[in-house]
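Encoded as structure tokens, the structure appears first; notes follow it.
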Amino acid sequence: MNLLVLMIALPLLAAFLLSIIDRASSFAARVIGPLVLLATAAIGLSVWSQLGDAPQAVQWGGFQAPLGITLYADQFGLLFALAMTIGTLLLWPRSTGNQLRSSSLALLLAGTGSGLALSGDLFNIYVFYELMTVVSYGLIASRGTSGSFASTLRYLVISGFGAALALAGIALVYQATGTLNLAQLAQVAPEKLNNLQGFAAFVLMLVGFGVKAELFPVNMWVPEVYATASSRVSALLAGVVSKLALLIIMRLLILVFHQPEALTVLLVLGILGVATGELAAWRARDLNRMLAFSSIGQLGVMFIALSIPGNAGIFAALAVAVHHLFLKPAMFLLAARWGGSIRRLCGAAKTSPVAAGLFVLLSLSLIGVPPLPGFWAKLLVIMPLLTLDQPLYYFAVFIILAAASLEANYLFRVVMKLYDKQPTAVPHKAHATADLATAVFLGGGLIAAVFMLVPLADRLDSIAAQATDVSTYIQTVAPQSLEGDVQ
Amino acid sequence: MHFFELLVELLLMPILAFVIGLAMVLMMRRIGARIQRRVGPPVLQPIYDIIKLYSKETQISHGLMHEIGIIMAVGGYIAAETLLPVPGLDGLADKGGAVTLAYMLMIPALGMALGVGQCANPNGSIGISRALTAMLAYDIPFILVIFGVSYVYGTTNLAEMITIQQQQGVASWGIVQMPLLALTALLILPAIMGKHPFEIYVAPAEIATGPMVEMSGKFMGGLFVMQCFQLYTAGVIFTTLFLGGGLYWITFLPKIFLVVAIPMSVAYLFPRYRTEDVLRLMWKWPMLLGLIGLAVVMK
Amino acid sequence: MSMEFLDGNTILYSAAFGLMLIGIGGIVISNHLMRIIFGIALLEAGANLLLLLSTYHEGASAPIIVDGIIPAMMADPVPQALVLTAIVIGVGILALALSLAIRVQRAYGTLDMREVRLRLEQEICDEAGIEMPSSSEKPAEVIKTPVNSVVQQESGS
Amino acid sequence: MRRFTAALFLIGLGVMIAAIYQHMDFSNTALNAGQAINSVAAQETGAANFVTSVVLAYRGIDTLLELTILFTAAMIGGMVLGKRRVDAPRDPDAGFILRTGADLLFPLLLVVGLYIILHGHLTPGGGFQGGVILASAFFLPLLARPGSSINQDVISIVEGLAGATFILIGLLAMSEGYEFLSPLFDKGELGALISAGSLPVLYLAVGIKVGSELAGLLAHLAEAEAVD
């Protein structure tokens with residue numbers, strides 16, 4: 001028995017019962033969601049503290065792997081599960097007309113995200129992923145404008161396309177190996193998936209799971225959705241949910257797919273993502289879409305990092321992901337009141353000096369100005385790229401550096417407007433206290449990271465090392481062999 | 001002991017850079033004067049200028065951000081100096097490398113943007129948005145150069161680059177090995193230095209608008225100091241990448257002065273470019289040259 | 001692998017891949033939202049069939065014990081359970097897509113994807129207070145609403 | 001141009017699929033998780049229908065999640081479609097045949113649906129299939145009488161309780177010291193109606209939940225105002 005499953009089960013239970021609770025007491029319905037998430041976060045933290053170097057595996061229903069479904073908790077997965085839970089808590093969606101539904105959706109998102117981060121079964125990952133997708137449709141559409149419906153529908157089309165492809169990829173994997181358990185796949189993959197079929201399965205799943213990770217060809221939804229969804233939802237999607245999709249791709253790369261071609265595919269798509277995302281952000285004239293495009297670019301950097309073979313790549317991708325996890329939600333929260341045309345921002349620093357200062361700090365970190373954490377994260381990507389000594393990897397370095405100067409350009413265009421003293425016709429509204437407090441909290445995390453760089457890097461390194469430790473994964477899950485016990 | 005040595009180096013490097021930068025400013029002005037058939041300022045003029053600027057009353061200050069901006073602009077360069085290896089002083093060069101340097105050189109422009117953005121002057125904003133665009137214009141070819149060079153030497157460590165070039169003689173100098181990239185760097189050098197003919201965003205003295213109007217007294221002094229560092233940095237980077245750096249100041253100094261002098265004397269012959277044209281120019285010719293150069297060295 | 005042209009596997013796998021191709025074709029080529037949604041449904045059907053085929057072999061009986069008799073060769077129950085799950089998920093998403101399509105149709109008066117995109121872009125730009133960037137592509141011919149004229153006025157002023 | 005690119009893309013995809021197909025190994029049928037389940041499922045779960053064992057026991061969490069997906073989809077559907085305006089035009093009344101047929105079929109569908117749900121662990125079928133039949137039982141009258149409507153409040157209570165039951169059974173297993181969603185109760189005789197421990201209870205919850213959610217979703221769609 002392990003309490004870890006409660007991180008998934010409790011939010012689902014609360015979400016199911018929320019409308020019934022609301023009938024009894026609307027106050028209870030308002031507070032129960034955050035309370036449940038606090039409880040699950042506490043469970044996650046307690047498991048984290050006892051985790052140490054030994055990952056844990058839980059079999060749902062007590063059935064032996066690979067027959068049942070495995071829940072695999074290492075620091076890597078648990079980190080993102082906690083990020084999802086705490087992130088949802090911080091960015092608890094507010095909606096005027098649909099508060100009850102929004103609360104249910106937020107609970108579902110937290111539970112699903114934790115499950116996605118911890119799941120050790122291929123099809124189970126697919127189901128979790130689909131649920132998270134559906135929940136994000138709801139969160140986007142909960143704004144209730146016709147634009148949010150249209151962008152949800154377009155998102156749904158791309159997502160549905162990707163999900164079906166991922167399903168086909170899973171079919172190919174099961175066809176080749178006869179198992180869906182990641183640990184067992186890790187055992188048999190070198191023998192059975194190191195061929196064209198395995199590569200095809202990887203590409204199909206990459207496209208499928210890449211939709212949420214804002215992978216290059218399937219990220220057309222990003223600017224529309226982030227421009228039409230409420231800013232808290234955008235912050236959740238761009239900050240946390242995209243990282244979870246990335247985590248799946250990382251897991252698949254580490255455990256199942258070892259083809260060198262797979263890395264090349266990632267590298268090329270990553271480069272294209274960075275180039276298109278940053279150029280589009282440079283051209284964007286409204287803050288929401290600028291941030292959305294820049295998020296595409298950042299995820300492109302993570303894909304480039306993933307394409308570095310071995311431990312260094314996972315470490316670098318993890319560092320960039322964690323940095324982005326703090327940074328993007330804060331930026332979207334600031335964009336809550338500053339959304340719309342950049343030109344309208346003239347002089348906004350006057351009404352909200354704290355927010356403006358914070359925006360400067362976040363921008364500097366995003367560009368990668370030393371000594372802010374963003375710089376070290378990017379350096380972790382660039383350095384191993386340079387040692388690989390291949391033209392395409394060098395080109396990736398060039399793209400990342402060029403992207404940094406583009407970022408500097410467009411972000412400081414915004415900063416300049418903020419500090420412009422010419423008044424605009426419409427006076428600026430100050431930020432909501434909760435938004436600003438959350439953003440300051442996240443920004444404070446960034447600054448704190450500057451002073452704890454070395455221990456932080458060590459910790460991330462150990463997390464990455466644990467994530468890439470395939471043999472421990474197999475030993476912990478210990479799937480029974482399929483040979484012999486068949487008629 | 002080791003730590004103390006490093007501390008001295010970190011202090012010494014910016015100071016040296018400042019002094020040499022002052023000399024470069026003087027040289028640049030003299031060149032400009034010669035081309036325009038004037039006598040030019042006396043030897044100590046840059047020092048007089050700084051004293052004058054700092055002793056003048058600061059007429060207007062736009063609050064904290066304004067000052068932070070200038071501090072960032074100068075500080076960025078000071079930090080960059082500690083990353084640039086010069087004869088006898090390595091500083092942080094073997095820790096940072098070319099990539100860190102590329103990021104560092106972005107800071108001053110951002111600092112300027114931050115500071116000037118705070119001013120009420122709309123023309124200041126225009127000037128800064130031009131400055132940012134100009135930065136974008138030269139940064140992309142600049143990065144192209146940096147990574148072509150690191151590809152050839154197989155390292156991003158500037159100190160190692162110097163060692164390689166010094167040990168293997170002139171034939172291994174960057175300018176011989178990759179002339180096209182060197183030419184690219186030379187083309188963008190005036191833009192990196194923020195000098196003629198790519199300086200419309202600064203528009204010093206002649207035009208009564210632009211960011212400089214808001215910079216009086218100590219701010220102007222800060223910018224003047226920054227200019228010294230700017231010239232010095234550009235010269236040292238080029239020398240390190242392409243001219244073998246230097247083991248002794250006696251060979252190193254002529255190189256960096258030459259690097260600054262040559263593009264300056266040519267650049268003074270051209271009229272100023274508009275910012276859009278800078279972007280077009282930079283992304284066309286130096287980019288093209290850089291890409292060809294890259295193709296040549298990567299084969 | 002059998003080289004016969006029309007063995008069971010060939011036909012079944014062709015059906016699965018064919019359904020997927022038709023579905024993708026519908027999504028990629030068509031502009032009408034309903035057709036795109038049906039394309040997704042077809043693509044899902046193909047993927048489900050592929051999943052079901054993954055451990056298919058001829059002559060296996062259903063994995064059910066009837067009257068205590070255990071069949072000699074039983075089909076693999078896992079893909080069946082997976083496909084059941086996948087179908088239900090597909091139904092949920094399909095219903096959601098249709099609900100959204102109803103609302104989009106009500107708001108924009110059209111289900112043409114290009115036009116929906118254009119209107120969406122217009123809406124985002126209006127909300128943000130910026131001019132819509134003029135596209136180099138030629139505008140969709142079906143547009144009757146004065147989207148273009150608004151753009152021209154704005155850029156002219 | 002766009003269509004040309006699309007066609008090119010499709011051709012490329014076709015070639016890729018053909019290549020995969022050429023390399024695919026069709027003989028791989030012996031060694032897989034499903035066959036392993038076939039050999040142990042009867043003892044471990046006590047259900048005669050092994051697919052049910054997989055759906056509810058071995059992969060029970062998948063089932064919980066797909067229920068949640070349906071729940072979420074129904075909830076979002078309600079949110080997106082919104083309430084019907086009072087003065088919105090109604091569909092014309094259905095004819096006599098449909099009305100009578102709906103009335104006649106209602107009890108039959110109810111019985112068949114429940115039968116299929118309750119025999120899910122023995123015969124093909126189960127909560128999902130039976131749930132769909134239940135949903136159609138409640139949906140048919142809506143088609144027959146366009147003015148009438150399903151009480152969405154009741155539906156939301158029923159689906160919430162059914163979903164909670166599923167999770168609570170899982171938590172019950174945890175409180176007894178097993179893992180979440182472990183099979184509970186006496187397994188009984190293989191093939192009997194009352195057997196397989198907690199699986200039929202779970203399937204009943206699934207059936208009711210699927211039925212109420214689909215009915216709610218269909219009702220929302222049917223209620224949606226026709227476009228003028």
Side-chain angles (χ1 to χ4, degrees), chain A residues 278 282 342-343 345-347 349-350 353 356-357 359-361 363-364 367-372 374-376 378-383 385-387 389-423, chain B residues 62-66 68-69 72 76 79 83 96-107 109-122 124-126 128-129 131-148 150-151 154-156 290 294-295 298-299:
Chain A
E278 298 291 0
W282 185 50
I342 292 165
R343 232 181 299 156
L345 284 177
C346 283
K350 195 88 183 159
F359 191 88
V360 173
L361 176 78
S363 305
L364 288 176
I367 295 162
V369 166
L372 291 168
F375 168 73
W376 304 106
K378 278 192 183 171
L379 205 61
L380 281 177
V381 181
I382 291 172
M383 282 306 160
L385 281 177
L386 285 173
T387 59
D389 218 21
Q390 275 175 35
L392 200 54
Y393 283 111
Y394 269 91
F395 185 63
V397 173
F398 167 63
I399 287 285
I400 291 175
L401 291 178
S405 77
L406 271 172
E407 278 164 353
N409 192 290
Y410 64 75
L411 285 171
F412 268 76
R413 244 173 21 212
V414 179
V415 169
M416 247 161 47
K417 287 290 173 207
L418 287 178
Y419 286 103
D420 203 320
K421 272 190 179 159
Q422 268 201 322
Chain B
H62 295 283
L64 189 62
M65 277 297 168
H66 200 181
I68 288 179
M72 256 177 85
L83 294 170
V99 174
T100 317
L101 193 65
Y103 274 103
M104 273 297 176
L105 290 182
M106 234 177 252
I107 301 182
L110 298 182
M112 288 270 283
L114 199 59
V116 177
Q118 178 74 333
C119 309
N121 189 342
S125 302
I126 294 172
I128 283 305
S129 91
L132 284 177
T133 314
M135 184 180 93
L136 194 63
Y138 69 71
D139 236 12
I140 305 257
F142 178 58
I143 292 165
L144 212 61
V145 168
I146 281 202
F147 104 124
S150 5
Y151 185 84
T155 174
T156 56
L294 212 58
M298 282 188 165
K299 281 193 270 293

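Keep in mind that this is a model prediction, so the values were computed, not measured. Here is how names work: the chains are called A, B, and so on, in the same order as the sequence lines, proteins then strands, and each is numbered from 1.
Only the side chain of Lys378(A) comes within less than 4.5 Å of a heavy atom in chain B; its backbone stays farther off. Only the side chain of Leu386(A) comes within contact range of chain B, with at least one heavy atom under 4.5 Å from a heavy atom of that chain. Heavy atoms closer than 4.5 Å to chain B are found in the side chain of Leu379(A), but not in its backbone.
When every heavy atom of Ile140(B) is checked against every heavy atom of Ala402(A), the shortest pair comes out as CD1-CB, 3.6 Å. Pairing each heavy atom of Ala408(A) with each of Met106(B), the nearest pair is CB-SD, 3.9 Å. The minimum heavy-atom distance between Asn409(A) and Leu132(B), with the atom names listed, is ND2-O, 2.9 Å.
Tyr103(B) meets the ring-ring contact (aromatic ring centres under 6.0 Å, His included) test with Phe375(A); sequence neighbours excluded.
Of all the listed residues (Ile367(A), Val415(A), Thr387(A)), the one sharing the greatest number of non-hydrogen pairs under 4.5 Å with chain B is Ile367(A). For chain A, the option among Leu144(B), Ile143(B), Leu110(B), Asp139(B) with the highest count of heavy-atom pairs below 4.5 Å is Leu110(B).
Atoms CZ and CG, from Phe395(A) and Leu294(B) in turn, are 9.5 Å apart once rounded to the nearest 0.5 Å. In this structure, Thr100(B) OG1 and Met383(A) CE are separated by 5.5 Å, a value rounded to the nearest 0.5 Å. Rounded to the nearest 0.5 Å, atoms CD1 (Ile382(A)) and CZ (Phe147(B)) are 11.5 Å apart. The structure places CD1 of Ile146(B) at 11.5 Å from CZ of Phe398(A), a figure rounded to the nearest 0.5 Å.
Between Tyr394(A) and Tyr151(B), the angle of the ring planes goes over 60°, which puts this pair in the perpendicular group of the 30/60° scheme.
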Exercise for the section: Apply side-chain contact (heavy atoms from CB on, under 4.5 Å) to the pair Met72(B) and Leu364(A), showing each step before the final yes or no. Expected result: CA-CA 12 Å; Met72(B) 256 177 85; Leu364(A) 288 176; 4.1 Å; yes
